Amino acid sequence: MELMRALLVQDYGNSGAMRVARIGRPVPQADEILVRVHAASVNPVDWKLCDGLLKDRLPISMPLIPGGDFSGTVEAAGRETTGFSIGMAVFGMTSTKGYRAGAFAEFVAVKAGHIAAKPACLTHEEAAAVPLAALTAWQAVFDRAELRAGQRILIHAGAGGVGGFAVQFAREAGAIVTATASAANAGYVRGLGAAETIDYRAEPFENLRQDFDAVIDLIGGETQARSYAVLKRGGVLVNAWGAIMQDKADAAGVRGVKVAVEPDAAQLARIAALIDAGKVRVSVAKSFALADGAAALDESRTGHVRGKIVLRVAEER
Ligand SMILES: NC(=O)c1ccc[n+]([C@@H]2O[C@H](COP(=O)([O-])OP(=O)(O)OC[C@H]3O[C@@H](n4cnc5c(N)ncnc54)[C@H](OP(=O)(O)O)[C@@H]3O)[C@@H](O)[C@H]2O)c1
């Protein structure tokens with residue numbers, strides 16, 4: 001059996017103790033691609049899974065290799081796959097259905113429909129920062145909110161991984177974007193295309209306006225509860241974390257819908273084209289060596305990363 005290095009979490013609540021181990025390489029099924037991972041990104045789902053916060057929704061078995069997205073090269077292609085050659089640079093997501101993480105490792109086997117050609121203008125570290133966050137943003141903005149040119153959208157947490165892409169996609173679609181961010185991130189979020197920013201720490205966001213067609217709620221809780229009232233009647237709130245507050249949606253005459261990101265090669269290819277055209281940029285706040293995965297998860301746990309955190313997987317031996 002060929003071995004690879006992987007970050008292993010042995011138990012719920014013990015991600016601080018995760019260690020690099022040598023384990024067997026995954027073997028791709030007929031409809032899968034074996035990817036040599038050059039870099040993977042950290043998403044809040046990684047530490048939420050390790051901490052056991054998602055036990056009910058995403059049952060997993062321990063030990064776990066975390067990691068939901070990556071950039072790398074094709075090492076082997078299952079016999080039913082087409083369009084992938086050995087050595088091709090690709091980026092994508094591991095599966096979310098029947099949760100299978102696994103990107104914090106030198107190799108990952110993924111369905112061919114979960115990956116696309118890596119944006120040519122990005123390094124692997126930058127490309128790894130894209131798939132899960134950008135697909136969440138795409139599916140929230142276009143599939144759930146069905147945003148159109150000229151509409152007004154409020155994006156909570158515009159400085160984060162998902163929010164940063166959501167701001168850029170909404171701006172590209174011709175919408176007028178308002179985003180919440182702390183004062184230190186206001187300039188950054190405006191640079192991504194927000195026409196207005198609200199320092200959520202200094203003033204209630206509902207003071208600014210109440211005429212949004214859509215709200216992308218990446219925070220939940222009290223932020224969501226207060227967000228229904230800033231929508232026009234008939235507007236839509238898309239929530240990525242927590243549950244829809246149906247009574248509040250009904251009272252405001254708006255819709256509340258959840259987004260649960262799904263891998264989608266066609267959407268990834270469109271996102272890659274926007275990146276290569278210089279219309280969407282990727283912000284890597286910090287990169288960590290694979291062996292420092294626990295520190296990378298701790299950084300994400302702060303809830304105040306600007307852009308994305310990535311793990312460098314291929315550099316070490
Ligand atoms: N449902 C799904 O499929 C799905 C997919 C991806 C992510 N998610 C969830 O969506 C959420 C966001 O994910 P992410 O990857 O974007 O997280 P992230 O990158 O860790 O978000 C960090 C950002 O949140 C901002 N922030 C923190 N508290 C805020 C508040 N009260 N109001 C406004 N901004 C605030 C911070 O900005 P400041 O430093 O300026 O405060 C920071 O830039 C997470 O809960 C994640 O689990 C769900």
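Remember, it's 1-based here, ligands and their atoms both numbered in the order they're listed. Note that the structure is predicted; figures quoted are calculated from it, not measured.
Below 3.5 Å of separation, one finds no N or O of His156 facing any N or O of ligand 1. Taking only nitrogen or oxygen atoms, main chain and side chain alike, Ala181 does not reach within less than 3.5 Å of ligand 1. Checking only distances, Thr223 never comes within under 3.5 Å of ligand 1, N or O to N or O. Geometrically, ligand 1 and Asn43 share no nitrogen or oxygen pair separated by less than 3.5 Å.
More than 12 non-hydrogen atoms from other residues, nucleotides or ligands lie less than 6.0 angstrom from CZ of Arg301. More than 12 heavy atoms of other shown residues, nucleotides or ligands fall within 6.0 angstrom of atom NZ in Lys48.
Taking the six-membered ring for Trp and thresholds of 30 and 60 degrees, Phe169 and Trp138 have ring planes more than 60 degrees apart, a perpendicular arrangement.
Nearest non-hydrogen protein atom to atom 31 (N) of ligand 1 is Tyr200 CE1, 3.3 Å. The protein non-hydrogen atom at the shortest distance from atom 42 (C) of ligand 1 is Val305 O, 3.2 Å. Among protein heavy atoms, the minimum distance from atom 21 (O) of ligand 1 is reached at Gly160 CA, 3.7 Å. With respect to atom 7 (C) of ligand 1, the closest heavy atom belonging to the protein is Val162 CG2, 3.8 Å. Atom 5 (C) of ligand 1 has Thr136 OG1, 3.2 Å as its closest protein atom, hydrogens excluded (heavy atom only). Taking atom 2 (C) of ligand 1 as the reference point, the nearest protein heavy-atom neighbour is Val259 O, 3.6 Å. For atom 9 (C) of ligand 1, the closest non-hydrogen atom of the protein is Ala240 O, 4.0 Å. Closest protein heavy atom to atom 12 (C) of ligand 1: Leu218 O, 3.8 Å.
Contacts between Val261 and ligand 1 below 4.0 angstrom, taking non-hydrogen atoms only, involve backbone and side chain alike. With a 4.0 Å heavy-atom cut-off, ligand 1 is reached by no atom of Lys308. When heavy-atom distances to ligand 1 are checked against a 4.0 Å cut-off, Leu132 comes that close only through its side chain, counted from C-beta outward. Only the side chain of Asn185 comes within contact range of ligand 1, with a heavy atom under 4.0 Å; no backbone atom does.
Side-chain atoms of Ser71 and Lys118 include no donor-acceptor pair closer than 3.5 Å. Under 3.5 Å, the side chains of Gln267 and Asp143 contain a donor-acceptor pair of N or O atoms.
Rounding to the nearest 0.5 Å gives a distance of 11.0 Å between CZ of Arg281 and CZ of Phe165. Remark: Leu58 CG to Leu53 CG distance equals 11.0 Å, nearest 0.5 Å. Interatomic distance, Asn239 CG to Met245 CE, rounded to the nearest 0.5 Å: 8.0 Å.
Counting the atoms of ligand 1 from 1 in the order shown, those under 4.0 Å from a heavy atom of Ala159 are 43 (O).
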Q: Step by step, work out the side-chain hydrogen bond (donor to acceptor under 3.5 Å, both in side chains) result for His304 and Ser182.
A: CA-CA 9 Å; His304 293 289; Ser182 60; 5.7 Å; no
Q | Chi angles and distances behind the side-chain hydrogen bond (donor to acceptor under 3.5 Å, both in side chains) call for Ser283, Tyr188 | A | CA-CA 10 Å; Ser283 281; Tyr188 167 76; 3.1 Å; yes
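Pairing each heavy atom of Gly102 with each of Ala105, the nearest pair is O-CB, 3.7 Å. Contact record, Met18 with Pro66: SD-CG, 4.3 Å, taken as the closest heavy-atom pair.
Across the listed options Ala157, Gly303, Pro44, Gly303 owns the non-hydrogen atom lying nearest to atom 22 (C) of ligand 1.
The shell of residues lying under 4.0 angstrom from ligand 1, judged by heavy atoms, excludes Ala133. Residue contacts with ligand 1: Lys48 is included, with a non-hydrogen atom under 4.0 Å away.
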